[in-house]
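Scroll down for the structure; my scribbles are underneath it.
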Amino acid sequence: MAPCSFSLCTFLTFSLFFHGITAVDYRVINAAATTPGGIRFTHEIGIPYTKQMMGTINNFIWSVVFQQTDPSDQKQLDSVNTYIVEFDGAEAISWGNNNINVSSIYLKGYEGDLKWQFTSLMYHEMTHVFQWDGQGTCPNELIEGIADYTKLKANYAQVGYAAPGQGDRWDQGYDFTARFLEYCDGLVPGFVAKLNKMMRVTYDVRYFEDLTGKPVEQLWQYYKAKYSH
């Protein structure tokens, strides 16, 4: 969904300098400022916290998850924009090349520590902004699994997050795939970072075998067996 009605928006920018080379502007726009969810965002989260947190997450993605200390390996963006928008059907979505929409309806109805949950959500969505997806050839389930892996790595896995060994398929997506990627990372340190780098231009399921020496279905069998007791 595209952002709307900028007359009520609040617009601030924040710049992160990564290793003194790469600068990204972080823009936070509350386009639902008079709605219950938009008001709750202002009172419990706020634009200053959000822009600071976006920079922290960006740095975490580049340095820890994708291990992209060389700017030439990073997805180069001038800005990342977060919009608080009134829409239903999802907690948040990433769209375009550098935009994130967060649902004010979801923010309104969330019960619990909204600031913590919002931060967890942003770890996921910010990963979508900066990950490689094989120029659209990577399956969505793996894309979502990598984004959820970032939450897991950052200790922002929410209540109800899949436990190690859960799931029916390695490509089930989200937390189930994230747990499988965590297992692969235990076999090959930096596995997710290496997989992401390989997916800069295209995707092939054989990348799992290239990195571990075993095809992905065999890895999944070993993973399930490890946690079957």
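Here, residue 1 is the first one in the sequence, and each next residue gets the next number. Bear in mind the structure is a predicted one, so any value in this text is a computation, not a measurement. These values consider heavy atoms only, across backbone and side chains, with no hydrogens, waters or symmetry-generated copies.
If you chain together hydrophobic residues whose side chains sit under 4.5 Å apart, Leu121 and Leu152 never meet in one group. Linking Ile, Leu, Val, Met, Phe, Trp and Tyr residues whenever their side-chain heavy atoms come within less than 4.5 Å places Phe130 and Met198 in a single cluster. Linking Ile, Leu, Val, Met, Phe, Trp and Tyr whenever their side-chain heavy atoms come within less than 4.5 Å puts Val188 and Phe180 in one cluster.
Taking a 6.0 Å sphere around CG of Asp78, one finds it holds 12 or fewer heavy atoms contributed by other residues, nucleotides or ligands. Atom CZ of Arg206 has 12 or fewer heavy atoms from other residues, nucleotides or ligands within 6.0 Å.
For the residue pair Gln67 / Lys197, no side-chain donor-acceptor distance below 3.5 Å is found, with atom types taken as modelled.
His128 approaches Ala147 most closely through the heavy-atom pair CE1-CB, 3.5 Å. Thr202 approaches Tyr207 most closely through the heavy-atom pair O-OH, 3.3 Å. Contact record, Gln74 with Arg200: O-NH2, 4.4 Å, taken as the closest heavy-atom pair. Between Lys75 and Gln131, the shortest heavy-atom contact is NZ-O, 2.9 Å. For the residue pair Ser103 and Ala90, the shortest heavy atom distance occurs at CB-O, 3.3 Å. Nearest heavy atoms, Gln158 versus Ser120: OE1-OG, 4.2 Å.
Geometric assessment of Lys151 against the ring of Tyr161 yields a negative cation-pi assignment under the 6.0 Å and 45° thresholds.
Thr82 contributes no side-chain N or O that, together with a main-chain N or O of Val28, makes up a donor-acceptor pair within less than 3.5 Å. A distance-only check finds no donor-acceptor pair linking the side chain of Glu86 to the backbone of Ala32 [under 3.5 Å]. Without hydrogens or angle criteria, Arg40 side chain to Lys108 main chain gives a donor-acceptor distance under 3.5 Å. Without hydrogens or angle criteria, Arg179 side chain to Ala162 main chain gives a donor-acceptor distance under 3.5 Å. Between the side chain of Lys115 and the main chain of Gly46, no donor-acceptor pair closer than 3.5 Å is present. A donor-acceptor pair under 3.5 Å is absent between the side-chain atoms of Asp25 and the main chain of Ser79, judged by distance alone. Under the 3.5 Å distance criterion, the side-chain polar atoms of Lys226 are left unmatched by any main-chain donor or acceptor of Gly165. Checking side-chain atoms of Asn81 against main-chain N and O of Asn99 turns up no donor-acceptor pair under 3.5 Å. With hydrogens and angles ignored, the 3.5 Å screen pairs a side-chain donor or acceptor of Lys194 with a backbone N or O of Pro189. Using a distance-only test at 3.5 Å, with no hydrogens or angles considered, a donor-acceptor pair links the side chain of Asp185 to the main chain of Val192.
Distance NZ/Lys51 to CZ/Arg27: 13.0 Å, rounded to 0.5 Å. To the nearest 0.5 Å, atoms CH2 (Trp132) and CD1 (Ile143) are separated by 12.0 Å. Between Leu142 atom CG and Leu181 atom CG the span is 6.0 Å, to the nearest 0.5 Å. Atom CG of Asn58 and atom OH of Tyr26 lie 3.0 Å apart (nearest 0.5 Å). We find the CG-CG distance between Leu77 and Asn97 to be 5.0 Å, quoted to the nearest 0.5 Å. Rounding to the nearest 0.5 angstrom, the gap separating the CZ atom in Arg169 from the CH2 atom in Trp220 is 8.5 Å.
Side-chain rings of Tyr123 and Phe60 approach one another, their centers coming within less than 6.0 Å. A ring-centre distance under 6.0 Å is not found for Phe118 and Tyr110.
For the pair Phe66 and Ile146, the minimum side-chain heavy-atom distance is below 4.5 Å. Two residues are said to be in side-chain contact when any heavy atoms from C-beta on lie closer than 4.5 Å; Glu209 and Val216 fail this criterion. Side-chain contact between Glu144 and Glu141 is absent, with no heavy-atom pair separated by less than 4.5 Å. Proximity of Met122 to Val102: side-chain heavy atoms (C-beta onward) are separated by under 4.5 Å at one or more points. When side chains are defined from C-beta on, Tyr156 counts as touching Trp116, because their heavy atoms get closer than 4.5 Å. Using a 4.5 Å heavy-atom threshold, the side chains of Met126 and Thr150 count as separate. The closest side-chain heavy-atom distance from Leu219 to Leu187 is below 4.5 Å. Here the side chains of Phe41 and Ile47 are in contact, with some heavy-atom distance below 4.5 Å.
Just one residue in the list Phe208, Tyr223, Phe176 forms a ring-ring contact (aromatic ring centres under 6.0 Å, His included) with Trp170, and that residue is Phe208.
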Side chain to side chain contact (heavy atoms under 4.5 Å, CB included) evaluation trace for Thr127 with Val65: CA-CA 9 Å; Thr127 303; Val65 180; 5.7 Å; no
Evaluate Thr119 against Tyr49 for side chain to side chain donor-acceptor pair (under 3.5 Å), listing each step before the verdict. CA-CA 10 Å; Thr119 304; Tyr49 171 77; 2.6 Å; yes
Check the pair Ile45, Ile84 against side chain to side chain contact (heavy atoms under 4.5 Å, CB included), reporting the backbone distance first and the verdict last. CA-CA 11 Å; Ile45 303 167; Ile84 311 302; over 6 Å; no
Asp133 vs Met199, test: side chain to side chain contact (heavy atoms under 4.5 Å, CB included). Steps then yes/no. CA-CA 6 Å; Asp133 67 353; Met199 297 195 306; over 6 Å; no
